[in-house]
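Every chain is numbered from 1, with letters handed out A, B, ... down the list of sequences.
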Protein chains: 2
Amino acid sequence: MHVDVCSVVCIHPEKVDRARTRMVSEGTAERLAELFKVLADPTRVRILSALQHGELCVCDLAAAISASQSAVSHQLRLLRVARLVKVRREGKMAFYSLDDDHVRHLFREGLEHVAEE
Amino acid sequence: MHVDVCSVVCIHPEKVDRARTRMVSEGTAERLAELFKVLADPTRVRILSALQHGELCVCDLAAAISASQSAVSHQLRLLRVARLVKVRREGKMAFYSLDDDHVRHLFREGLEHVAEE
DNA sequence: TCCTCATATGACCACATGTTCATGTGATAT
DNA sequence: ATATCACATGAACATGTGGTCATATGAGGA
């Protein structure tokens with residue numbers, strides 16, 4: 001990151017100022033990027049997709065998406081800390097489900113964009 | 001990627017099957033992840049944020065988000081191929097704007113999730 | 001034509017990320 | 001107690017990514 005404005009000339013200062021005041025804060029941008037980063041992996045997308053219609057235990061998830069248990073566990077951790085999924089423990093099993101409808105919305109919005117092309 | 005199902009025991013086959021049939025295809029998951037990947041960077045988030053209320057030229061964008069022209073150009077390229085922004089050329093200037101309302105929706109959905117915590 | 005300006009892009013480098021392998025943890029059964 | 005099962009996690013490694021620097025491109029002006 002470096003404050004390096006293109007010389008002097010080409011700028012429309014009023015446009016820039018208007019944009020700056022309306023922009024999200026740096027912290028918000030950071031957290032927003034962090035959220036999308038969690039959604040930005042095929043394995044995690046498939047996990048979320050598999051959970052769209054109800055909870056699954058880790059082992060079932062691994063089977064559903066044809067990935068190793070370890071890989072799934074690692075990814076579930078990321079999804080958990082981002083509050084995209086939640087856990088329900090029952091004995092030695094762990095049942096995962098989508099955390100809220102919000103996740104579903106984001107997912108569907110994304111799907112629509114992908115479907116467009 | 002390795003088909004490695006946890007031994008035999010813990011699976012609920014009917015749940016797994018139901019999930020599998022309802023899941024998005026591998027290709028769709030890939031493209032969905034690709035879309036979110038483009039949104040998964042603070043610089044690109046700030047660019048999209050700056051464009052929420054109208055087009056800006058590259059130089060103005062760089063000024064608005066305090067990044068170098070080169071960095072902004074590189075990121076704009078990614079946003080372009082993902083069809084999140086579009087260009088309007090006018091002489092030697094290039095004015096960028098959000099490609100459609102879809103991008104705005106995705107952005108806002110993300111913001112709401114971030115705002116929750 | 002030659003120079004300058006706005007933008008685009010290629011090479012390179014430091015850093016982040018996803019998987020596997022090995023091992024840890026806590027619950028249940030024998 | 002101890003063995004086993006489902007799940008979690010740490011280390012290590014290969015690959016991907018975002019920035020800078022240098023340079024290319026293409027439009028306008030002198």
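A donor-acceptor contact under 3.5 angstrom links the side chains of B:Ser25 and B:Thr28, judged on distance only. With hydrogens and angles left out, the side-chain atoms of B:Arg20 and A:Ser66 include a donor and acceptor closer than 3.5 Å.
Look at NZ on B:Lys92: it is 16 Å from C1' on D:dA24, rounded to the nearest Å. Atoms CG (B:Leu78) and C1' (D:dG19) sit 12 Å apart, rounded to a whole Å. Atom pair A:His74:NE2 and C:dT19:P shows a separation of 10 Å (rounding to whole Å applied).
Across D:dA6, D:dT20, D:dA8, the shortest atom-to-atom separation from the side chain of A:Met93 is found for D:dA6. Which of D:dA8, C:dA27, C:dT7 sits closest to the side chain of B:Ala94 comes down to C:dT7. Here the side chain of B:Asp41 is nearest to one of D:dG10, D:dG19, C:dT7, namely D:dG19.
Taking only side-chain nitrogens and oxygens, A:Arg89 never comes nearer than 4.0 Å to OP1 or OP2 of C:dG26. In this structure, B:Arg77 does not reach the C:dA8 phosphate: none of its side-chain N or O atoms is under 4.0 Å from OP1 or OP2. One finds no side-chain N or O of B:Ser73 lying less than 4.0 angstrom from the OP1 or OP2 phosphate oxygen of C:dT7. The side chain of A:Tyr96 places no N or O atom within less than 4.0 Å of a non-bridging phosphate oxygen (OP1 or OP2) of D:dA6.
Identified under the salt bridge (Lys or Arg N to Asp or Glu O under 4.0 Å) test for residues 95-108 of chain B, with sequence neighbours left out: B:Asp101-B:Arg104.
Two residues, A:Glu90 and A:Ala40, neighbour DNA chain C, and the one matched to the more 5' nucleotide by heavy-atom proximity is A:Ala40.
You'll find a donor-acceptor pair under 3.5 Å spanning the side chain of B:Ser70 and the base of C:dT9, going by distance alone. Taking only distance into account, the side chain of A:Gln69 meets the base of D:dA8 through a donor-acceptor pair shorter than 3.5 Å.
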